[in-house]
There are 2 protein chains.
Amino acid sequence: MKRTLQSTVSRRMAAASRPTIKDVAARCGVHPSTVSRALSPAMKHLVADDVADRIKAAANALGYRLNMAAKGLRTGRSGLIGVLAPDIADPGFPPVLSGITDHLNAEGYATIVVDVGSNGSEQDLVDRLIARGVDGLVLATVTLRDDVVKHCLDAALPVVLVNRVDAAGQLPSAASDDAAGMRLAVEHLVALGHQRIGHVAGPQHVSTGARRRAGFEASVRDAGLAARHTPVETVEAYTRAAGREAALRLLARRIRPTAIVAANDLLALGVYDALAVRGLACPHDVSVVGHNDMPFVDMVAPPLTTIRIAQRDMGEAAARLLLARIAGPEAASEHIVLAPQLIIRGSTIACGH
Amino acid sequence: MKRTLQSTVSRRMAAASRPTIKDVAARCGVHPSTVSRALSPAMKHLVADDVADRIKAAANALGYRLNMAAKGLRTGRSGLIGVLAPDIADPGFPPVLSGITDHLNAEGYATIVVDVGSNGSEQDLVDRLIARGVDGLVLATVTLRDDVVKHCLDAALPVVLVNRVDAAGQLPSAASDDAAGMRLAVEHLVALGHQRIGHVAGPQHVSTGARRRAGFEASVRDAGLAARHTPVETVEAYTRAAGREAALRLLARRIRPTAIVAANDLLALGVYDALAVRGLACPHDVSVVGHNDMPFVDMVAPPLTTIRIAQRDMGEAAARLLLARIAGPEAASEHIVLAPQLIIRGSTIACGH
DNA sequence: TCCGGCTGTGCAATCGATTGCAATAGCCCA
DNA sequence: TGGGCTATTGCAATCGATTGCACAGCCGGA
């Protein structure tokens, strides 16, 4: 009795705040549990139709909204998904992110995106997300051998990788076929008559860097080009400045390449810078191919020939994989591989004009 | 008695899952409330130092992590901030977002970013965020007269605007000084001898579009240019295609402008397209100025002269304003205005060469 | 020696929703 | 007419953390 009175009073005092399931119940003269059932699609069959309708009407009238924190506390699922991004400002990432969030939003999940690098350690960020009770994680940041992978496996947290994969292939992933992309680039150049093709390789501790390099080497070998005619320079980071330095090294070689394949578009822009430094013209002196087809590389001079990867699809596939993992964690880890596409623009031209 | 036994059993069964405050308490032989106090900086002074140390050690040993959902339920604050973005894929937004999230993360908040447009109505998205218990909202999407603003005010939810402002100035905001930016652009062109300057204006229902247009008109008037020499064409959306169409209309006028100021860089790229269509060269036939200095406009041909706005600072300021609002909602709404900067590149040149 | 005050802990209610179990009513069929 | 069913609904525990209140010591001063 006393307790009832008390809670009535406190409810009245908090009248300005959001209505709860109790308010709806009081208005309908039913028990809160009945309201909960009527409003939950899965439990609705337990409630008489007319009562359910009355409850829904009352909920609407009161502007009732489910409190996700309370639900999460009780059910152990938050409806939150964490996304770890290497750098939100990197123009390649937004399309992927948008694919992820669109799919997850449609399924009722919300996503927390955290930018690694600017803030604390990755481990720590993951722990903070776990504290928030995320139901799963999308990692766009993993290196080939990554402690975070183990950390997540230990925490029994559903995790998928996007864009990059781990060396052991333990975790499900959605990524572009890096080797196939390089093959497209190399075969395009070979078809144009290029025999001396350099490669600016990305960081070798991330899968895109390592696999694109491997794809390059396999493709030039298959094309019958000698190793000394297909030099590789590796960078430590996907930046324009790093691409410039690596390209300068390539151009300083005795046998100068007539074409350069960069591991991504940012590096390719750095290659442009290097050509400018050396007073070489693209494409007449050196052809250049990028990778990713990030926004606006069609606007640079010359417009960049590049490998388009299915970024949105990649994000969507990752989201789908994650939801599958959450639904049934026992499934084997699946690796979704998306086909890349060659986009020919102005930065490649037949060798010898 | 019975209940204690029961909970012990259930705890044992859930051994695999995350340790709770109770586990830590049991390990230290203290009451859960003591653990809560020892672990909360604000309440720590109530606990004896040696006990607090023991508790912290035990928490570490067990790998204890606070359950934010439970805390949020009890305290009524989730530590979550919602961010409504017009389009994550728009290259102008990531720097702003990164300014927002960095600052909020540092203060212990997590951010949920939702992309308006792809998913349901904005109202609905806001309601979903409210259901998640967000402590505040950052809106990068508002139009000048926006129902969402009223909706948030009704919900008594702390809200700040970023990049755009509302007509009434009811809500705190962080934005660039749009008029000053246009003045920089116009004065730069006038100094180069241009007398006939066109403007591709952005959507007039958002503040950036309206204020930049107003700034343009005031500046050309102050420079003594006649209205018929300073035509304005308005677009409905900030897209490259819309910029192209508007620029084609400007170029079709009897008195052709020798310079065009676009309301943002995307529109400016559309202006480039239009010049190409008409067989005109930039900058020799027509100079072009953009706005925002989005990534890579220094790489296009010709490199774009534009107005750089302080995007990161804008995001950070918005985050700071929001936290202030959350701390003390009674404060008057403050408007932070950031100074823009003229970045001269290759798309502008003296009139008549 | 007794009392007021101060520290440090424990107790228990509470946030809002979910769900297993119990209870009731109404119904069907023998 | 009675037994067993089913369809609804209520009850109360529970998720994990926080916090007002009560209480037990312990101190110093009168």
Side-chain angles (χ1 to χ4, degrees), chain A residues 2-11 13-14 17-26 28-52 54-55 59 62 64-79 130-133, chain B residues 2-7 9-11 13-14 17-26 28-52 54-55 59 62 64-79 131-133:
Chain A
K2 179 149 162 272
R3 190 184 313 157
T4 305
L5 183 63
Q6 216 172 15
S7 76
T8 304
V9 169
S10 79
R11 195 177 319 133
M13 297 191 53
S17 88
R18 259 186 326 140
T20 75
I21 212 169
K22 268 189 205 156
D23 300 316
V24 178
C28 292
V30 299
H31 193 270
S33 63
T34 306
V35 176
S36 172
R37 287 190 267 252
L39 263 28
S40 149
M43 294 293 158
K44 188 177 168 322
H45 67 101
L46 292 174
V47 177
D49 286 345
D50 58 329
V51 178
R54 247 174 53 225
I55 290 176
L62 259 49
Y64 167 77
R65 300 246 106 201
L66 180 57
N67 180 325
M68 294 299 256
K71 176 192 178 120
L73 179 58
R74 178 64 227 254
T75 62
R77 346 195 69 191
S78 61
I130 291 179
R132 287 225 129 78
Chain B
K2 177 150 161 271
R3 190 184 313 159
T4 306
L5 182 64
Q6 217 171 12
S7 75
V9 170
S10 78
R11 193 179 319 133
M13 296 191 52
S17 89
R18 229 142 43 96
T20 74
I21 212 170
K22 268 188 206 158
D23 300 315
V24 178
C28 293
V30 299
H31 194 269
S33 62
T34 306
V35 175
S36 171
R37 287 190 268 252
L39 264 27
S40 149
M43 294 295 157
K44 187 178 168 322
H45 67 100
L46 292 173
V47 177
D49 285 346
D50 57 330
V51 178
R54 246 175 53 226
I55 290 177
L62 258 50
Y64 167 76
R65 301 246 105 202
L66 180 57
N67 181 325
M68 294 300 255
K71 176 191 178 122
L73 179 59
R74 178 64 226 255
T75 61
R77 344 196 72 191
S78 60
R132 286 226 129 79

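Throughout, a chain's letter reflects where its sequence line sits, starting with A, and its residues are numbered from 1.
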*Asks:* Under 3.5 Å, side-chain donor or acceptor atoms of residues 32-41 of chain B against the rest of the protein: list the pairs with distances, not counting sequence neighbours.
*Replies:*
residue, atom, partner, partner atom, Å
S33(B), OG, H31(B), ND1, 3.0
S33(B), OG, R37(B), NH2, 3.2
S40(B), OG, A42(B), N, 3.4
S40(B), OG, M43(B), N, 3.4

*Asks:* Would you tell me if any nitrogen or oxygen in the side chain of H31(B) comes within less than 4.0 Å of OP1 or OP2 on dC11(C)?
*Replies:* yes

*Asks:* Could you tell me how far apart K22(B) (NZ) and dC15(D) (C1') are, to the nearest whole angstrom?
*Replies:* 9 Å

*Asks:* Between dG16(C) atom C1' and R65(A) atom CZ, what is the distance in whole Å?
*Replies:* 16 Å

*Asks:* Just verifying a value: how many Å separate R18(A) CZ and L62(A) CG, rounded to the nearest 0.5 Å?
*Replies:* 12.5 Å

*Asks:* Separation of I21(A) atom CD1 from dC15(C) atom P, in whole Å?
*Replies:* 14 Å

*Asks:* Quick one: salt bridge (Lys or Arg N to Asp or Glu O under 4.0 Å) partners of D50(A), sequence neighbours excluded?
*Replies:* none

*Asks:* Rounded to the nearest angstrom, tell me the gap between atom CZ in R54(B) and atom C1' in dT9(C).
*Replies:* 12 Å

*Asks:* Identify the heavy atoms of Y64(B) and T20(B) that sit nearest to each other, and give their distance.
*Replies:* CE1-C, 3.6 Å

*Asks:* For S78(B) and R132(B), work out which heavy atoms get closest and say how close.
*Replies:* CB-O, 4.2 Å

*Asks:* Taking the side chain of Y64(B) as its heavy atoms from C-beta onward, which of dT9(D), dA17(D), dT19(C) lies nearest to it?
*Replies:* dA17(D)

*Asks:* Give the rounded distance in Å between these two atoms: CG of L46(A) and P of dA23(C).
*Replies:* 18 Å

*Asks:* Of the nucleotides dA17(D), dG16(C), dT9(D), which one has an atom closest to the side chain of L73(B)?
*Replies:* dG16(C)

*Asks:* Measure from CZ on R132(A) to C1' on dG16(D) and round the result to the nearest Å.
*Replies:* 15 Å

*Asks:* When the distance from CZ of R77(B) to P of dT19(D) is rounded to whole Å, what number comes out?
*Replies:* 11 Å

*Asks:* Quick one: side chains of residues 65-72 of chain A, donor-acceptor pairs under 3.5 Å with protein atoms, not counting sequence neighbours, listed by atom name and distance.
*Replies:*
residue, atom, partner, partner atom, Å
N67(A), OD1, A69(A), N, 2.8
N67(A), OD1, A70(A), N, 3.0

*Asks:* Within this structure, what is the CG-to-P distance between N67(A) and dC15(D), rounded to whole angstrom?
*Replies:* 18 Å

*Asks:* List in numerical order all residues of residues 33-40 of chain A for which some heavy atom is under 4.0 Å away from an atom belonging to DNA chain C.
*Replies:* S33(A), S36(A), R37(A)

